[in-house]
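Because only heavy atoms are used, hydrogens play no part in the values below, and waters and symmetry mates are left out as well, while side chains stay in.
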Amino acid sequence: MTLTRKNISHLTALQCPRCGKQYDATVLQSYATCCHQPLTAVYSCDLPAPDFLKGRDHSIWRYREMLPVADPRHIVSLGEGGTPLTTLHTLSARTGVHVLLKDESVNPTGSFKARGISVAVSKAQELGVTHCIIPSAGNAGGALSAYCAKAGMKATVIMPRHTPATLQEECRLYGAELILTDGLIDSCGRMARQLVQETGGFDMSTLKEPYRLEGKKTMGYEIAEQLHWQLPDVIIYPTGGGTGLIGMWKAFHEMRQLGWITGKLPRMIIIQSQNCAPMVQYIDNGNLPDDFSGYPSIAYGLAVPQPFAKDMMQEVIRQSDGKALTVTEEEMEAGISEIAEAEGILLSPEGSATYMGLKKLIEKDWVQEDEQVLLFNTGSWYKYR
């Protein structure tokens, strides 16, 4: 990647999404303490038409003006982004809708987590961080371990004890400190906060720092560019902490400000496991008890019982006229087989959940035959063995 050393970012501030209070983006920040909400990055949207992107590397850093790293020397990249978006022809014929798949399993470390971690580690390095601490259901821990290894930073990963050995071993191979705990990711989060206080390391928890969101939003930019600056009618997204969902919605609004896209935005669909579906309860009932807890899922990334950004996710669903629904563990297993036999693609349980959710939406006439629907495969099936 050849870049000059001038400030390449149009970042101007960080902002609380609830009250609008702004925070200084030139110093290390965590979340908006004013309203206990995630911080979002604000940019000056004064770029020309996107023709200038031609010829740039097909990684997330092709959108570098709308990412937070000022000095390109601090970019920590393993080639993340530029993932394929394809039509699933057999499933389209079978369902009667135009089914697209965005396959994030080809990212470094085998999941979409590479996008957010690349940006978060890059910005953390730029702001002087030397030790990152993350609670993880699996894939985020592997990604942080890899990117910290690339950056020469210390990484501490806290995982549920039941996380598969493959996901544990990749952290160790990258040189990370790995700590295993009982329970789900909320238990890991409590330990992470304790370690941050004890060690002075930086908390990389989902949306407890502002920049993983910025990496994940590049999925939204890529979708628009790959569809010739159009967007699908519906996006079905497997949702745990919600960074990808919120990030894409943020990207769509930024591209509108830039003048890169026009027209109606997609209806956003949250898919969760029936074993752990806090956002379905929160959106359907308007509340989530403080003691809400879930059960483990074969879709490790969906077992997030107390998502920090639940208000922001609810707002995405409201603004987009979207929905939140669940699929069972058995349905996810069946979906993996159905998609593999129909399309020759092995999806993660989270990816399978999006297809099984689509079938339910079609049954309820919520998705029409002439609509274009985008599914997400967020990780590699091979990492779940």
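Remark: S30 engages no residue in a side-chain contact (heavy atoms from CB on, under 4.5 Å) (not counting sequence neighbours). Every side-chain contact (heavy atoms from CB on, under 4.5 Å) that P296 has, sequence neighbours left out, goes to H162, L184.
Between E104 and K383, no side-chain nitrogen of the basic residue sits less than 4.0 Å from a carboxylate oxygen of the acidic one, so the salt-bridge criterion is not met. Remark: E177 does not engage R172 in a salt bridge, criterion side-chain N to carboxylate O under 4.0 Å. Electrostatic pairing of E209 and K123 does not count as a salt bridge here, judged by no charged N lying under 4.0 Å from a carboxylate O. For the pair E338 and R94, the salt-bridge criterion is met [side-chain N within less than 4.0 Å of a carboxylate O]. Comment: R18 engages D311 in a salt bridge, judged by a side-chain N to carboxylate O separation of less than 4.0 angstrom. Salt-bridge annotation for D203 and K208: absent, with no side-chain N of the basic residue lying under 4.0 Å from a carboxylate O of the acidic one. R318 has a carboxylate O that lies under 4.0 Å from a charged side-chain N of E315, or vice versa, which qualifies the two as a salt bridge.
Between Q168 and T163, the side chains place no donor N or O within less than 3.5 Å of an acceptor N or O (distance only, hydrogens not considered). Under 3.5 Å, the side chains of T218 and R115 contain a donor-acceptor pair of N or O atoms. Side-chain N/O atoms of N107 and T83 include no donor and acceptor closer than 3.5 Å. A side-chain donor from one of W61 and E80 sits under 3.5 Å from a side-chain acceptor of the other. When only modelled atom types and interatomic distance are considered, N377 and K102 share no side-chain donor-acceptor pair under 3.5 Å. Using modelled atom types, one finds no donor on one side chain facing an acceptor on the other under 3.5 Å when comparing E126 with Y211. In summary, the side chains of E329 and S273 do present a donor paired with an acceptor at a separation below 3.5 Å, with no hydrogens or angles considered.
For the pair K21 and Y23, the cation sits on the ring face: its NZ or CZ lies under 6.0 Å from the ring centre, inside 45° of the axis.
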Exercise. Please walk me through it: do K250 and E254 pass salt bridge (Lys or Arg N to Asp or Glu O under 4.0 Å)?
Worked result: CA-CA 6 Å; K250 183 176 189 289; E254 288 175 353; 2.5 Å; yes

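Heavy-atom neighbours of Y382 OH from other residues, nucleotides or ligands within 6.0 Å: at or below the threshold of 12.
Counting only distance, with no hydrogens or angles, the side chain of T87 and the backbone of H89 share no donor-acceptor pair below 3.5 Å.
Proximity of the aromatic rings of H131 and F202 is defined here by a centroid distance below 6.0 angstrom, and this criterion is not met. For an aromatic pair to be called close, the ring centres must be under 6.0 Å apart, and F292 with Y282 fails this. Within the 6.0 Å centre-distance limit, the rings of Y384 and Y300 are counted as a close aromatic pair.
A 4.5 Å side-chain heavy-atom check between M313 and V316 finds every atom pair outside the cut-off.
Taking all atoms of both residues into account, the shortest heavy-atom contact from A324 to I283 is CB-CD1, 3.8 Å.
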